[in-house]
Amino acid sequence: MLLATLITPLVGALALLLVSRDAKKALQISAFAVSLVAFAFGLATFLSFDYTNPALQMITNQRWIPSLDAGFRVGVDGMSVLFFFLTTLTMPVAILLGSTTIKEQEKEFYSLMLLLEFGILGIFAATDTFLFYVFFELILIPMYFLIGVWGGAGRIHAALKFFIYTMFGSMIMLVGLIWLGLYAQETTGHFTTNMALLREIAPTIPFDTQKWIFAAFMLAFCIKVPLFPVHTWLPEVQSESPVVGTVVVGAVLFKIGIYGLIRFGLELFPAASFEYAKVMCALGAIAVVYGAMAAIVQTDIRRIASFALVSSLGTMVMGVFSMTAEGIQGAIIQTFNHGLSVTGLFLCLGMMTDRRGSTSLEDFGGAAKVMPVFAVFFAISLFSLVGLPGLNGFIGEYLLLLGTFRSPFLNSWAFAIVGATTGMFVAIYMLRLYQKTCLGEHSSPDAASLTDISAREIAMLLPVTILIVWIGIYPSTFMRVSEESTRALVGKLELAKFGKTSYAASVNKLRQAEAEQATARSEAHKAAGH
C-alpha cells in the first residue's frame, strides 16, 4: 500500500500530460480522481500500520546505484506515517480548491500539484539519504512554478526568494549528506546512503565533526520550518501565492522541517542535539514571541496567518528539542493538528478574499450576518489554533508544554514559560481576526451582498473540520500511532545521555525489529549473489 500511494500521484501527473489542454473538465476530474485514489491508498497504509511496532514497516529495498550503496529504499514508522497520511488527505482538498480558483494553464497546474504530492510523500517515506535528497529537491520545482505562475503581483520576487532560501539550505544539507557517507566509508569500508546503517554509524561520529554535520542538516530544516531568523521568505510567499499554494505550504510543506529535525537531528546526532538543545529551544522561544508580536500588528489577513505560523512552529521546535516522550509526541501530533487547522484557516481566508477581492483586514466586517455557515467553519479552525479544549490543538499544546517543563535535557522552566504565552498571543490575534472579519458591521455596501459558502466549499472544509473535532475528543486514534516510535527514540537518547531509561521495553522492541530486518537484508543479498 505504501508503494502504491507513493507512485499514484507520479503516474497521474504523467498521464495528465497526455490529456488535451482544452479538455478542462477532464483535467479537473482526472486530477481529483488521482488524488482520491492516492488518499484511499494512504488511508489503507495508515489503517494497516502496526502501531505496537516502533520499527520501520512496509519496507521496499531496491538497489539503485551500487557504487554509492544508494537504493530505492522506502518505509514508514509511527512518526512518518502520520505525515504521510496528512499529505494524502490535504491534496484532494487543495486540488478541489484549485478547480474553483485556477482558470488558466490548468493542465500544468494539475500536473505540478500531483508531482508535488509525489515529492512530499517521497520525503516522508524515504529511508535512503540519497533518495531523500532527490525528493527534497524535487518539490522545489512545482512550488516555484505554483508561486511564480499563479501567484499575485509580486509572485516572481516571492518565488525567487523561496527558491534561493530553500536551495541554499539544500546545498548545505548535501554537504552534510556526503560528509556522513564518507565517515561511514571510513568506518565500514564502503560509502553508503542507507539510513538503517547510518543510524548506527552517525552517533559514533566524534563530537567535533558531528556538530558541523548536525549544523548542516539543521540549517536546511530550520529554513523549511521556518524558524527565526531564516523565516523571512514565508510572509512574501503566503501573501503572493495562489490560495491553493498557501494551503499546501501551511498544511504540508512546514511539516517537512519538523520531521527533519527529529529524523536527522535527534536520531543521527544525539551528542550534538544534547549540546545545542538549548540553542534550538531559544530560537523557538524567540519565534514564539516575535511571530506573535508581528501577527498582532499586521493589517493583511494573509500576513497575520503567516506570522501566526512562525509563532506556532516555534513551540513545536521546543517540543522536539525537549527530547522527552511528551515533548516529541506533542510536536508530532501538534504538527499533524496544525496541518488540519491551517488547511481550514487558509481555505476560509481564500473563500473570503475571493468574494471580497481584498486581503486588507479593514475591508471586512459583519460576514457572519450574511455567511453564517462560513462563520461556523471559520470559528472552528480559529479556535483549534487557539487551543480550545475539545478541539485538536489543545492536546498537542498541553503535551508540548509538559514535555518542555519536564525535560532533563533542558533542565529549565524558562522555555516552557515562554511557550505557555503562545495561548495568550494566539487568542489576541486570532480573535481579533475573527472579530474584524465576521462580527460588527459591514465595512461597505458590497460586504452586505456576500454569498454564503457553496456545497463544494463545504465539501472542502468538512473532512478537515471533522478531524479537528475528532482529535479534540478522542486523540488516541492518532497519538497511539507514533507512541512506540517516540518512546523508542527517547529511550535511546536517555541511554546515550544518562546511561538509563524509562523506556527500555520500547528500545528493546526496536532493536529486535531492526535486527530481524538486518538479517532479512543479509539473506536477500546472499540470495542475489552480492
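For the numbers below, each heavy atom of this structure counts, side chains included, while hydrogens, waters and symmetry mates do not.
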A quick test of your reading: do over 12 heavy atoms of other residues, nucleotides or ligands sit less than 6.0 Å from [atom1] of [X]?
| X | atom1 | result |
| --- | --- | --- |
| Phe274 | CZ | yes |
| Met58 | CE | yes |
| Arg406 | CZ | no |
| Phe207 | CZ | yes |
| Tyr51 | OH | no |

When rounded to the nearest 0.5 angstrom, what distance separates [atom1] in [X] from [atom2] in [Y]?
| X | Y | atom1 | atom2 | answer |
| --- | --- | --- | --- | --- |
| Phe84 | Thr45 | CZ | OG1 | 5.5 Å |
| Glu484 | Leu510 | CD | CG | 10.0 Å |
| Phe336 | Ser341 | CZ | OG | 10.5 Å |
| Arg487 | Thr324 | CZ | OG1 | 11.5 Å |
| Gln185 | Asp69 | CD | CG | 11.0 Å |
| Ile123 | Glu137 | CD1 | CD | 9.5 Å |

For a quick test of reading the model, state the closest non-hydrogen atom pair linking [X] to [Y] and the distance between them.
| X | Y | value |
| --- | --- | --- |
| Ala287 | Gly314 | CB-CA, 4.1 Å |
| Ala125 | Leu2 | CB-CD1, 4.4 Å |
| Ser306 | Leu234 | O-CD2, 3.5 Å |
| Ala308 | Tyr429 | CB-CE1, 3.4 Å |
| Ile328 | Val320 | CG1-O, 3.7 Å |
| Val490 | Ala325 | CG2-N, 3.5 Å |

Residue pair [X] / [Y], side-chain heavy-atom distance below 4.5 Å:
| X | Y | answer |
| --- | --- | --- |
| Tyr165 | Thr232 | yes |
| Leu112 | Val149 | no |
| Leu177 | Thr193 | no |
| Phe72 | Leu131 | yes |
| Leu89 | Leu467 | yes |
| Trp233 | Ile164 | no |
| Leu489 | Glu267 | yes |
| Ile59 | Thr127 | no |

Show the numbers, then the answer: is there a side-chain contact (heavy atoms from CB on, under 4.5 Å) between Gln105 and Trp150? CA-CA 9 Å; Gln105 297 177 279; Trp150 293 279; 3.8 Å; yes

Does [X] reach the main-chain N or O of [Y] with its side chain, forming a donor-acceptor pair under 3.5 Å?
| X | Y | result |
| --- | --- | --- |
| Ser111 | Glu108 | no |
| Asn337 | Asn392 | yes |
| Ser384 | Ser381 | yes |
| Thr204 | Ile201 | yes |
| Ser485 | Pro54 | yes |
| Gln57 | Asp50 | yes |
| Gln298 | Ala294 | yes |
| Ser407 | Ser322 | yes |

Strictly under 6.0 Å, is that where the ring centroids of [X] and [Y] end up?
| X | Y | value |
| --- | --- | --- |
| Phe85 | Phe49 | no |
| Phe409 | Phe498 | yes |
| Tyr144 | Phe162 | no |
| Phe269 | Phe264 | no |
| Phe321 | Phe415 | no |

Side chain to side chain donor-acceptor pair (under 3.5 Å) for Gln334 and Glu397? Distances and angles first, verdict last. CA-CA 7 Å; Gln334 191 69 341; Glu397 200 71 30; 3.1 Å; yes

Could you walk me through whether Met195 and Arg263 pass the side-chain contact (heavy atoms from CB on, under 4.5 Å) test, one step at a time? CA-CA 10 Å; Met195 286 187 64; Arg263 182 68 76 216; 3.8 Å; yes

Report the C-alpha separation of Lys255 and Lys224 in whole Å, then their side-chain angles, then the decisive distance to 0.1 Å, and conclude whether the side-chain contact (heavy atoms from CB on, under 4.5 Å) test is met. CA-CA 8 Å; Lys255 288 39 183 176; Lys224 270 290 193 292; over 6 Å; no

Does the pair Ile120 and Phe83 meet the rule for a side-chain contact (heavy atoms from CB on, under 4.5 Å), with working shown? CA-CA 9 Å; Ile120 295 172; Phe83 301 140; over 6 Å; no

Less than 3.5 Å apart, any donor N or O on the side chain of Thr335 or Tyr259 sitting next to an acceptor on the other? no

Do Gln329 and Ser482 pass the side chain to side chain donor-acceptor pair (under 3.5 Å) test, and can you show the C-alpha distance, the side-chain angles, and the key distance before you say yes or no? CA-CA 7 Å; Gln329 184 80 332; Ser482 59; 2.8 Å; yes

Indicate yes or no: does Lys211 engage Glu275 in a salt bridge with an N to O separation below 4.0 Å. no

Before you tell me yes or no, could you show the steps for Tyr503 and Thr486 under side chain to side chain donor-acceptor pair (under 3.5 Å), namely the whole-Å CA-CA distance, both residues' side-chain angles and the distance that decides it to 0.1 Å? CA-CA 10 Å; Tyr503 305 109; Thr486 302; over 6 Å; no

Mind telling me whether Phe228 and Tyr290 have parallel, tilted or perpendicular rings, with 30° and 60° as the class edges? tilted

Checking ring pair (Phe, Tyr, Trp, His ring centres under 6.0 Å) for the pair Phe135/Phe118: CA distance, chi angles, key distance, verdict? CA-CA 8 Å; Phe135 284 124; Phe118 170 65; 5.3 Å; yes

